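Data block below; observations after.
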Amino acid sequence: MPSATSKQSTLPASWLLSPRKEQRTCPSPGRQQTSLKSTAALSTVSPPSAVKSVRKGPKKDAKAPTPHKKHTPLIPIDPSKKNYNKRITDVLSELSKTEKNIGNQWKAQAYSKAILSISAYPKPLVSGKEAQDLPGVGGSIAKLVQEIIETGTSERVQNEAKDERLQTISMLMRVSGIGPSAAAKFYDELGVRSISDLLHRPLTRHQKIGMKYFNEFEKRIPRAEMDRWQAIIKDVLEDIDDRFVVTIAGSYRRGQDTCGDIDVLLTHPEFTTSSSSDETPNSNHSVLLQLVISRLHEKGYLTDDISLGDVKYMGVCKLPDVPNTEAHIHRRIDIRLSPIDMYWPAVFHSTGSDQFNRWIRSLAAEQGYTLSEYSLRTKDKKSGAVGTPLRISSEEDIFRLLGVEWRAPEQRDW
DNA sequence: AGCAGCGTTGGCAG
DNA sequence: CTGCCAACGC
DNA sequence: GTTTG
Ligand SMILES: O=c1ccn([C@H]2C[C@H](O)[C@@H](COP(=O)(O)OP(=O)(O)OP(=O)(O)O)O2)c(=O)[nH]1
Ligand SMILES: [Mg+2]
């Protein structure tokens, strides 16, 4: 059902390809509040039919003799297994969170890494020493593990729980758009002591939205609702051009029962890395993504825009209200536009998890490659010089080139 | 010393 | 305004 | 905080 909205010129889908380089996106600066691109009414296109549906992971057959190397630190874990050391990892999670709140990125990650391998350990740990054999667990964490085994907790964690400043900062960081730096500044320089104090402070657009939906954003999205969004988005986009390929990635693609947000990957058969050059797109993106976003707005699905660039949109959506029914919850939605020839690296990236991505990217680096959502390329460890992108025609290609056995998305749920 | 790699926003310097 | 960079997020 | 070179 074609929308009955503004009709104008009817562009053939192929204009998508029209190699237009330059053309800086020009968010007029004079703006005050309304800054994101406004809805430039572009119009519909109605080519063939036959909607492409979501691509699924490829079969994983021909594993072929691969250049197997030894796996890095972390050896892939089976997320479906039981955690025999939850008591321990729960405490370590607190420490990781604290470090993150303080802005100690690396310490926070170090704890997370240790948590990963301790969670995968096949039996209850009985000593810190035993723990230290695990990848990512060094002297400090081993000592903590010992303390946790003996006392059930850690003195440090207990003390941090009593630290008002830390607790407040931790609370403030639950607002989307407030990170360690802003949280500390709010507390130390602006006297903010509660979420409600923020209402009287200058906030960025993102932070305002984070405040507005503070409670709603903390609610998980049931898989059934994710299924609805998948159908809705496909439907809306089909209206623009039925050759759009929509993939809901992230935790949804990894099979999770509930998700934190909706990660949409969008591509189109005719949308390739246009013109020539680079492995980082830029040309026709802009118009296309904006068209998609404005259409979703018109249909009433989007309620707020956090950010909108040429390739990535971050915003808020909500299912249509139904009379005499509880209102639906506002959800965070991310939409990424990818040229078709970069689709596989893009799904791979968007499927995650983030820890899995970090792991496999580290592995790639060790082997003299660099992996991003755009490509897998060789990269000289010394000079940093990168090669031309390798041909990637499936997710399996990425695994194979890195000498890693294929893992279905469900097995990447670290 | 490195820790994955990248997009968008917003502040600041010039 | 452009260019750069920190912050924040995916 | 931990691992690597
Ligand atoms: O630091 C990050 C964060 C995310 N991603 C990728 C992997 C991730 O799966 C995807 C979507 O991010 P999101 O934050 O939505 O994570 P998720 O895996 O979908 O989990 P959640 O259910 O919390 O949304 O983007 C990264 O590569 N690095
Ligand atoms: Mg997600």
Side-chain angles (χ1 to χ4, degrees), chain A residues 24-31 35-37 72-74 92 95-96 98-100 103-117 131-132 134-144 173 175-185 202-210 217 249-251 260-265 279-282 285-286 289 305-315 332-338 342 345-346 348-366 369-377 379 381-382 384 386:
Chain A
R24 262 259 39 82
T25 359
C26 47
S28 55
R31 53 41 168 120
S35 49
L36 291 215
K37 288 87 178 170
T72 353
L74 283 197
L92 295 179
L95 292 166
S96 175
T98 300
E99 296 299 348
K100 177 172 177 247
N104 291 337
Q105 176 194 176
W106 303 123
K107 288 195 183 190
Q109 276 194 197
Y111 281 114
S112 296
K113 194 170 170 184
I115 288 167
L116 214 53
S117 51
Q132 197 163 354
L134 301 178
V137 179
S140 296
I141 292 179
K143 203 162 167 229
L144 281 163
M173 283 183 59
V175 176
S176 186
I178 297 183
S181 178
K185 188 168 180 179
L203 302 175
T204 65
R205 160 204 294 278
H206 187 165
Q207 291 164 346
K208 283 176 201 159
I209 293 172
F217 285 175
S251 49
D261 66 0
I262 304 159
D263 299 295
V264 182
L265 178 62
E279 17 282 4
T280 38
N282 239 336
H285 273 75
S286 48
L289 185 57
D305 303 323
I306 293 174
S307 65
L308 173 58
D310 289 350
V311 322
K312 199 177 74 170
Y313 169 81
M314 290 174 51
R332 276 279 296 101
I333 184 171
D334 292 343
I335 301 177
R336 175 180 284 268
L337 182 59
S338 169
M342 292 176 166
F348 192 89
H349 163 80
S350 293
T351 299
S353 69
D354 56 347
Q355 293 229 53
F356 174 81
N357 283 354
R358 280 201 287 267
W359 171 75
I360 202 151
R361 288 175 183 200
S362 302
L363 185 66
E366 282 176 18
Y369 294 104
T370 176
L371 173 64
S372 75
E373 60 266 53
Y374 299 113
S375 64
L376 176 62
R377 293 174 290 172
K379 177 175 180 176
K381 290 192 224 178
K382 265 193 139 94
V386 299

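Every value quoted in this text rests on a predicted model; they were computed, and no experiment measured them. We name chains A, B, ... by the order of the sequence lines, and we start the count at 1 in each one.
The side chain of Lys312(A) lies closest to dG9(C), out of dC8(C), dG9(C), dG5(B). Nearest nucleotide to the side chain of Trp106(A), out of dG1(D), dT8(B), dC8(C): dG1(D). Across dT8(B), dC8(C), dA4(B), the shortest atom-to-atom separation from the side chain of Gln109(A) is found for dA4(B). Considering only the side chain of Asp261(A), dC10(C) comes nearest among dC8(C), dC10(C), dC3(B). Set against dA4(B), dG1(D), dC6(B), the side chain of Ser362(A) has dA4(B) as its closest nucleotide. Distances were taken from every side-chain heavy atom of Arg336(A) (C-beta onward) to each of dT2(D), dA7(C), dG7(B); the shortest belongs to dG7(B). In this structure, of dC8(C), dT2(D), dC6(B), it is dT2(D) that holds the atom nearest to the side chain of Ile141(A). Proximity note for Ser372(A) (side chain, C-beta onward) versus dA4(B), dC6(B), dA7(C): the nearest is dC6(B). For Met314(A), taking side-chain heavy atoms from C-beta onward, the closest of the listed nucleotides dG1(D), dC10(C), dC6(B) is dC10(C). Nearest nucleotide to the side chain of Val311(A), out of dT8(B), dG1(D), dA4(B): dT8(B).
Between Ser372(A) and Pro345(A), the shortest heavy-atom distance links the atoms O-CB, 3.8 Å. The nearest pair of heavy atoms linking Asp305(A) to Ile209(A) is O-CD1, 3.4 Å. Contact record, Ala346(A) with Ser338(A): CB-OG, 3.6 Å, taken as the closest heavy-atom pair.
Under the side-chain hydrogen bond (donor to acceptor under 3.5 Å, both in side chains) criterion, Ser176(A) pairs with His206(A), sequence neighbours left out. Applying the salt bridge (charged side-chain N to carboxylate O under 4.0 Å, His left out) test to Arg336(A) and every residue at least two apart in sequence or in another chain returns Glu373(A). Scanning for ring pair (Phe, Tyr, Trp, His ring centres under 6.0 Å) contacts around Tyr369(A) gives an empty result, with sequence neighbours left out. Evaluation of the side-chain hydrogen bond (donor to acceptor under 3.5 Å, both in side chains) rule for Gln207(A) yields Thr204(A) as partners, not counting sequence neighbours. Asp261(A) meets the salt bridge (charged side-chain N to carboxylate O under 4.0 Å, His left out) test with no other residue; sequence neighbours excluded.
Pairing of dA4(B), defined by two Watson-Crick or G-U wobble distances under 3.5 Å, is not identified with any nucleotide. Under the Watson-Crick and G-U wobble criteria, each requiring two contacts below 3.5 Å, nucleotide dG5(D) is left unpaired.
Rounded to an integer number of Å, the gap from Arg205(A) CZ to dT8(B) C1' is 11 Å. Across the protein-nucleic acid pair, Phe356(A) atom CZ and dC10(C) atom P stand 20 Å apart, rounded to whole Å. In this structure, Ile209(A) atom CD1 and dT8(B) atom P are separated by 16 Å, rounded to whole Å. The distance between atom CG of Leu116(A) and atom C1' of dT2(D), rounded to the nearest whole Å, is 14 Å. Taking atom CZ of residue Arg377(A) and atom P of nucleotide dA4(B), one finds them 17 Å apart after rounding to whole Å.
Residue His206(A) is classed as a sugar-phosphate contact, given heavy-atom separations below 4.0 Å to backbone atoms only. Backbone-only engagement by Asp334(A) is indicated by non-hydrogen atom pairs under 4.0 Å involving sugar-phosphate atoms exclusively. Within the nucleic acid shown, Asp263(A) comes within 4.0 Å of sugar-phosphate atoms alone, with no base atom in reach, counting heavy atoms only. Backbone-only engagement by Thr370(A) is indicated by non-hydrogen atom pairs under 4.0 Å involving sugar-phosphate atoms exclusively. Residue-level contact check: Ile360(A) touches neither bases nor backbone, having no heavy atom under 4.0 Å from any strand. Backbone-only engagement by Ala182(A) is indicated by non-hydrogen atom pairs under 4.0 Å involving sugar-phosphate atoms exclusively. At the heavy-atom level, Gly250(A) lies nowhere under 4.0 Å from the strands shown. Among the protein residues, Glu373(A) comes within range of the sugar-phosphate backbone only, with heavy atoms under 4.0 Å from sugar or phosphate atoms but none that close to a base.
At least one side-chain nitrogen or oxygen of Ser140(A) sits closer than 4.0 Å to the OP1 or OP2 atom of dT2(D). A sub-4.0 Å separation between OP1 or OP2 of dG7(B) and a side-chain N or O of Tyr313(A) is absent. In this structure, Arg361(A) does not reach the dC3(B) phosphate: none of its side-chain N or O atoms is under 4.0 Å from OP1 or OP2.
Comparing the C1' positions of dG2(B) and dG5(D) gives a spacing of 11 Å, expressed to the nearest Å. Going from the C1' atom of dT3(D) to that of dC3(B) covers 9 Å, rounded to whole Å.
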Please tabulate the protein-to-nucleotide N/O contacts below 3.5 Å involving nucleotides 11-13 of chain B, giving atom names and distances.
none

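Residues Ile360(A) and Phe348(A) are in side-chain contact: their nearest non-hydrogen atoms beyond the backbone lie under 4.5 Å apart.
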